[in-house]
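Below you'll find the structure, written out as structure tokens, and then a few comments.
Since the model is a prediction, treat every value here as computed from it, not as a measurement.
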Amino acid sequence: QVQLVESGGGLVQAGGSLRLSCAASGLTFSLYRMGWFRQVPGKERAFVAAISGSGGITYYADSVKGRATISRDNAKNTVYLQMNSLKPEDTAVYYCAASSDRAGLLRNAVYNYWGQGTQVTVSS
């Protein structure tokens, strides 16, 4: 049974930083592309960042490019999202997701498994 468990969310002031973590179990982690998404009430879930299985390729939404870094530690079955220079509009529930896609563009990955999410609130 695949489980993705996010942590690291919280309340932070604008301009601050957070590092989100997502611990995966029940899958061969290094074979999965991993992604981060976020959602605010009343809006669709939005893509934030993705990383290839090896960690060598990353892709970011324009809204976070230059402020976010996705990384992974395959020995720890964990993917991270470092967010800097946070803005109030970054407030959302952040979800990690796993994709079994082995081919195609990273930005087009289809995600099979999702975590429960962690709340990030950025105060102005």
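A chain of hydrophobic side-chain contacts below 4.5 Å, direct or via other Ile, Leu, Val, Met, Phe, Trp or Tyr residues, connects Leu86 to Ile70. Residues Leu27 and Trp36 share a hydrophobic cluster, clusters being chains of Ile/Leu/Val/Met/Phe/Trp/Tyr side chains in contact below 4.5 Å.
Between the Thr78 side chain and the Ala23 main chain, no donor and acceptor come within less than 3.5 Å of each other. Counting only distance, with no hydrogens or angles, the side chain of Asn84 and the backbone of Ser17 share no donor-acceptor pair below 3.5 Å. A distance-only check finds no donor-acceptor pair linking the side chain of Arg107 to the backbone of Ala49 [under 3.5 Å]. Of the possible donor and acceptor atoms, none in the side chain of Ser63 sits under 3.5 Å from a partner among the backbone N and O of Ala61. Side chain of Arg45 to main chain of Gln39: no donor-acceptor pair is present (N/O by atom type, distance under 3.5 Å, no hydrogens or angles).
Note: Leu31 CG to Ser99 OG = 11.5 Å, rounded to the nearest 0.5 Å. The structure places CZ of Arg67 at 4.5 Å from NZ of Lys87, a figure rounded to the nearest 0.5 Å. Rounded to the nearest 0.5 Å, atoms SG (Cys22) and CH2 (Trp114) are 11.0 Å apart. Expressed to the nearest 0.5 Å, how far OG of Ser25 lies from CD of Gln1 amounts to 8.0 Å. For the atom pair CE of Met83 and CG of Leu18, the computed distance is 8.5 Å after rounding to the nearest 0.5 Å. Asn74 contributes atom CG, which lies 5.5 Å from atom CZ of Phe29 (distance to the nearest 0.5 angstrom).
Contact check for Val120 versus Thr91: no side-chain heavy atoms found under the 4.5 Å cut-off. Side chains of Thr118 and Val93 form no contact here, defined as non-hydrogen atoms less than 4.5 Å apart. A heavy-atom distance below 4.5 Å is not found between the side chains of Tyr113 and Met34. Two residues are said to be in side-chain contact when any heavy atoms from C-beta on lie closer than 4.5 Å; Ile51 and Ile57 fail this criterion.
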- Please assess Arg38 against Asp90 for the test side-chain contact (heavy atoms from CB on, under 4.5 Å), listing each intermediate value before the final yes or no. CA-CA 9 Å; Arg38 63 188 182 187; Asp90 294 318; 2.9 Å; yes
For this session: Please report the C-alpha distance between Ser71 and Asp73 in whole Å, then the side-chain angles of each, then the deciding distance to 0.1 Å, and finally whether the side-chain contact (heavy atoms from CB on, under 4.5 Å) criterion is met.
Result: CA-CA 7 Å; Ser71 62; Asp73 185 337; over 6 Å; no
Give the C-alpha distance, both sets of side-chain angles, the deciding distance and a yes or no for side-chain contact (heavy atoms from CB on, under 4.5 Å) between Gln119 and Glu6. CA-CA 10 Å; Gln119 175 71 46; Glu6 302 95 337; over 6 Å; no
Can you check ring pair (Phe, Tyr, Trp, His ring centres under 6.0 Å) on Phe47 and Tyr60, steps first, answer last? CA-CA 8 Å; Phe47 170 79; Tyr60 297 92; 8.3 Å; no
> For Asp62 and Lys65, what are the C-alpha separation, side-chain angles and deciding distance, and is it a salt bridge (charged side-chain N to carboxylate O under 4.0 Å, His left out)?
Replying inline: CA-CA 5 Å; Asp62 288 343; Lys65 202 172 292 183; 3.1 Å; yes
_Between Thr121 and Val12, does the side-chain contact (heavy atoms from CB on, under 4.5 Å) criterion hold? Intermediate values first, please._
CA-CA 6 Å; Thr121 303; Val12 62; over 6 Å; no
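For Lys43, the NZ atom is loosely surrounded, since the number of other residues' heavy atoms within 6.0 Å does not exceed 12. Enclosure of atom CG in Leu11 by more than 12 non-hydrogen atoms of other residues, nucleotides or ligands within 6.0 angstrom is indicated. No more than 12 heavy atoms of other residues, nucleotides or ligands lie within 6.0 Å of CD in Gln116, so this atom counts as exposed by the packing criterion.
Closest of all the heavy-atom pairs between Ala50 and Leu106 is O-CD2, 3.7 Å. Taking each heavy atom of Leu81 and Val48 in turn, the nearest pair found is CD2-CG1, 4.0 Å.
A donor-acceptor contact closer than 3.5 angstrom links the side chains of Asn112 and Ser100. Residues Tyr80 and Arg19 bring no donor and acceptor atom of their side chains to less than 3.5 Å of each other.
The aromatic rings of Tyr111 and Phe37 sit perpendicular to each other, their planes meeting at more than 60°, with 30° as the lower class boundary.
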